[in-house]
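Taking it in order: structure first as structure tokens, then the write-up.
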Amino acid sequence: MTAPNPFPFDAGDFAYGTWRLLDDEVQPTPAELAARFEHCFAAGIDTIDTAEIYGLYAVEAAIGGALQANPELKEKFRFVTKAGINIPSQEKAGVEINQYHATGDNLIACAEKSLRLLGLDALDLFLVHRPDWLTPPEDTAAGLLQLLEEGKVKAIGVSNYTPSQFETLDRLVDGKLATNQIEFCPLHLAPIYDGSFDQCLQKKIRPMAWSPLGGGRIFADGDEAGTRLCAYLGKISPEYDNAPLDALVYAWILAHPTRPTVILGSNKTSRISSGVKGGQISLSREHWYGIWEAAQGCSIP
Ligand code: NAP
């Protein structure tokens, strides 16, 4: 029997994703970002998901600026960050090729930098962003355990790990991996086939689902699968009190027995408010499979 994780982490039904935080033409001021985070909190979201690499290494500092503008946010939110991807930038001397870097020493240095940029004493959850094929898992594990021991992180986990990579690392950290953050939406079904969700069920951990709208593809003009899916969502919406289509997609994700945390990635407060309504929607079996079918363009095998 698997022992319960002594450092569990549950982000709730929704976390706020910050990958695209600085992508709009007009850059938000720290006060505007703080107001957006307040909006998320009022909508029931109390976890912020970020990563060292977001915004070409600029997003963590922007979040830190918002927390300085409104320090109360530090108490309201749990903060998740990720590290272990290096891309050419002023931040990474000597890096001329995109690469993964999940050595223990690098993870510790990155976590310390995240704490500095965010202005926090501890990270609520620290994730290895991608498996680094070149680093022995013992090395990665040693760094994660040291961060836990020193109290710099309260929980540890991974992102984009295959089930066997997860299992290997989890054994080396005594079953302390709290989550696997993976891509999941009706247009990207890998976790239900590749064993990732089965593993989460077995270990009783809650996965986090990134790009829940396929990175916006579901609503993009001219995307064949997206168009089919939107037509079906529009057809069933009246049966759910005219629920917004994105909320129906989030409800579809949350319906999986692992109840994956939806990492909501919109920069628009109206979409944040309407999206979280998906947490209250219980799709019928008929409609869950209907969404599967519309997205895939064929019936189940
Ligand atoms: P997403 O929700 O799939 O895509 C967000 C994009 O869709 C935004 O550009 C958004 O534009 C657009 N969008 C949202 N609602 C829309 C609607 N109703 N109509 C049209 N467009 C809409 O999420 P994501 O940003 O790809 O990912 C979410 C979060 O997951 C990220 O912020 C990050 O925290 C995390 N993530 C993790 C990994 C990893 O490797 N661990 C990888 C990718 C992402 P607006 O802003 O204009 O609404």
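Just so you know, ligand 1 is whichever comes first in the structure, and atom 1 is the first atom listed for that ligand.
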Please list the nearest protein heavy atom to [atom] with its residue and the distance rounded to 0.1 Å.
atom: atom 46 (O) of ligand 1; answer: N267 N, 2.8 Å
atom: atom 11 (O) of ligand 1; answer: R271 NH1, 3.6 Å
atom: atom 34 (O) of ligand 1; answer: D49 OD2, 2.6 Å
atom: atom 8 (C) of ligand 1; answer: R20 CD, 3.7 Å
atom: atom 43 (C) of ligand 1; answer: W210 CE3, 3.1 Å
atom: atom 33 (C) of ligand 1; answer: Y54 OH, 3.3 Å
atom: atom 12 (C) of ligand 1; answer: G216 CA, 4.1 Å
atom: atom 15 (N) of ligand 1; answer: L213 CD1, 3.3 Å

Measure [X] to ligand 1 on non-hydrogen atoms and call it side chain, backbone, both or neither using the 4.0 Å cut-off.
X: N160; value: side chain
X: W19; value: both
X: I263; value: both
X: P244; value: neither
X: E183; value: neither
X: S159; value: side chain

- Worked verdict on E52 versus K82 for salt bridge (Lys or Arg N to Asp or Glu O under 4.0 Å): CA-CA 6 Å; E52 186 203 15; K82 320 177 202 72; over 6 Å; no

Taking 4.0 angstrom as the limit and counting only heavy atoms of [X], give me the atoms of ligand 1 inside it, by number and element.
X: S266; value: 45 (P), 46 (O), 48 (O)
X: D246; value: 18 (N)
X: P212; value: 1 (P), 2 (O), 3 (O), 23 (O)
X: G214; value: 3 (O)

- Message: Testing the basics here: between T140 and A102, what is the closest heavy-atom pair and its distance to 0.1 Å?
- Response: OG1-O, 2.7 Å

- Query: Can you name the closest pair of heavy atoms from L283 and A251 and give their distance?
  - Reply: CD1-C, 4.0 Å

- In terms of hydrophobic clustering (I, L, V, M, F, W, Y; side-chain heavy atoms under 4.5 Å; direct or indirect links), are L264 and I63 co-clustered? yes

- Item | Polar atom proximity, G215 to ligand 1 (N or O, under 3.5 Å) |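 Yes - when backbone and side-chain N and O of G215 are compared with those of ligand 1, one distance drops under 3.5 Å.
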
- Item | Within-cut-off N or O pair, K82 and ligand 1, under 3.5 Å | no

- Residue pairs involving residues 228-244 (criterion salt bridge (Lys or Arg N to Asp or Glu O under 4.0 Å); sequence neighbours excluded): E224-R228

- Item | M208 near ligand 1 by a heavy-atom separation under 4.0 Å |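 It does not; every heavy atom stays at 4.0 Å or beyond.
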
- Query: Taking the non-hydrogen atoms of Y16, is any one of them nearer than 4.0 angstrom to ligand 1?
  - Reply: no

- Task: Please examine the side chains of I192 and W292, heavy atoms only from C-beta on, and report whether any two atoms are closer than 4.5 Å.
- Result: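 With C-beta onward as the side chain, the pair touches.
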
- Task: Indicate yes or no: at least one non-hydrogen side-chain atom of R36 is less than 4.5 angstrom from one of N267.
- Result: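 SC-SC contact between R36 and N267 confirmed.
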
- Take the angle between the ring planes of W288 and W252 and call it parallel below 30°, perpendicular above 60°, tilted in between.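 Ring orientation, 0 to 90° scale: parallel.
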
- Query: Between H256 and F197, how do the two ring planes meet: parallel, tilted or perpendicular, split at 30° and 60°?
  - Reply: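 Tilted: the ring planes of H256 and F197 meet at 30° to 60°.
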
- Query: Take atom CD in Q27; do more than 12 heavy atoms of anything else shown fall under 6.0 Å from it?
  - Reply: yes

- Item | Ring centres under 6.0 angstrom apart (Y100, H129) | no

- Query: Distance from C40 atom SG to K76 atom NZ, nearest 0.5 Å?
  - Reply: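 That separation rounds to 11.5 Å.
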
- Could you tell me which residues satisfy side-chain contact (heavy atoms from CB on, under 4.5 Å) with P131, sequence neighbours excluded, listed by chain and number?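 Counting only residues at least two positions away or on another chain, P131 forms a side-chain contact (heavy atoms from CB on, under 4.5 Å) with N160, Y161, Q165.
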
